Structure formats: structure tokens, C-alpha cells
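Computed from a predicted structure; not experimentally measured.
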Amino acid sequence: MTSDDSPTNADLPPVADLSYEQARDELVALVARIESGQVPLEEAMGLWERGEELAAHCQSKLDAAQETLDRATGRGEDAGATDAAPAETGPDANATG
């Protein structure tokens, strides 16, 4: 622990072991600490690195959930090819460019 009794990266569980919600909550708290301006530079850099790991972990969890939803709704096979499809459903869908 640091002198203000805040956990250090060594005291925290590995990011890979966290659920999406745990990682998101930790990331929100971490950002608040950095933005407070009360964290020394060295500690802020360590927090930033942990935040990058947490953000990547959250994105990975979200991507996996999206893939599961795509498969469940039958969009799994062509989801990558139709990312722009929702934009084509508007009033200009039949217009040629």
C-alpha cells in the first residue's frame, strides 16, 4: 500500500480475473483518482497503465458479448460485412451516390 493507504498495482487482482463490471468500476475509480490531481506523477503513470489494461479488458468483454448476440440473432456470419447496414435504412437508403 502507498502512504495514503491506496492499493498499488501489486495489491490488485490481475485484470484478466475481473468481470466486466469489476473492471469498469475500478476504471471509473482510477480515472477519478487521476483527475483529482492529488496523485503523485509516478503513481499516476502506474494508474494510467492499469487503466489501459482495464479499458482493453472491458472492450474485449463487450466485443465477446456482441459476438454472442450476433450469433444468437443470426447475424454472426455476416455481422462484420454489414456494420454499415443500419445507416442504409434511412430515407436515403435507395439513393445512389
Side-chain angles (χ1 to χ4, degrees):
M1 296 283 201
T2 58
S3 60
D4 66 353
D5 213 27
S6 300
T8 64
N9 284 354
D11 297 328
L12 298 170
V15 171
D17 292 348
L18 300 175
S19 69
Y20 169 80
E21 292 80 6
Q22 290 169 319
R24 181 200 59 218
D25 292 347
E26 183 180 333
L27 182 57
V28 168
L30 187 147
V31 168
R33 283 186 63 205
I34 292 172
E35 288 180 343
S36 75
Q38 302 301 311
V39 180
L41 180 60
E42 281 294 315
E43 186 178 348
M45 294 305 296
L47 293 173
W48 180 272
E49 291 172 6
R50 174 80 175 183
E52 289 287 330
E53 292 176 35
L54 291 165
H57 181 69
C58 287
Q59 188 61 54
S60 175
K61 294 280 190 182
L62 290 171
D63 290 345
Q66 184 65 56
E67 288 176 23
T68 300
L69 288 172
D70 289 346
R71 281 193 305 273
T73 59
R75 292 186 48 203
E77 295 157 7
D78 57 10
T82 62
D83 282 345
E88 296 172 8
T89 61
D92 297 329
N94 294 328
T96 56

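By the side-chain contact (heavy atoms from CB on, under 4.5 Å) test, Glu53 is found to be paired with Val15, residues two or more places apart in sequence or in another chain being considered. With sequence neighbours excluded, the residues that form a side-chain hydrogen bond (donor to acceptor under 3.5 Å, both in side chains) with Asp63 are Gln59. Contacts of Gln22 classified as side-chain contact (heavy atoms from CB on, under 4.5 Å), with partners at least two apart in sequence or in another chain: Leu18, Ser19.
The CD atom of Glu49 sits 12.0 Å away from atom CG of Leu54, with the distance rounded to the nearest 0.5 Å. Here the CG atom belonging to Leu47 is positioned 11.0 Å from the CG atom belonging to Leu27, to the nearest 0.5 angstrom. Put simply, CD on Glu52 and NE2 on His57 are 15.0 Å apart, with the number rounded to the nearest 0.5 Å. Atoms CD and CZ, from Glu26 and Arg50 in turn, are 4.0 Å apart once rounded to the nearest 0.5 Å.
In this structure, Ile34 and Trp48 approach most closely via the heavy-atom pair CD1-N, 3.9 Å.
By the 4.5 Å heavy-atom criterion applied to side chains, Glu43 and Pro40 are counted as neighbours.
The hydrophobic cluster around Leu69 extends to none of the other residues, as no ILVMFWY side-chain heavy atom falls under 4.5 Å of it. Side-chain heavy-atom separations under 4.5 angstrom define the hydrophobic clusters, and the remaining members of the one that includes Leu41 are Met45.
Counting non-hydrogen atoms of neighbouring residues, nucleotides and ligands closer than 6.0 angstrom, the CD atom of Glu21 exceeds 12 such neighbours.
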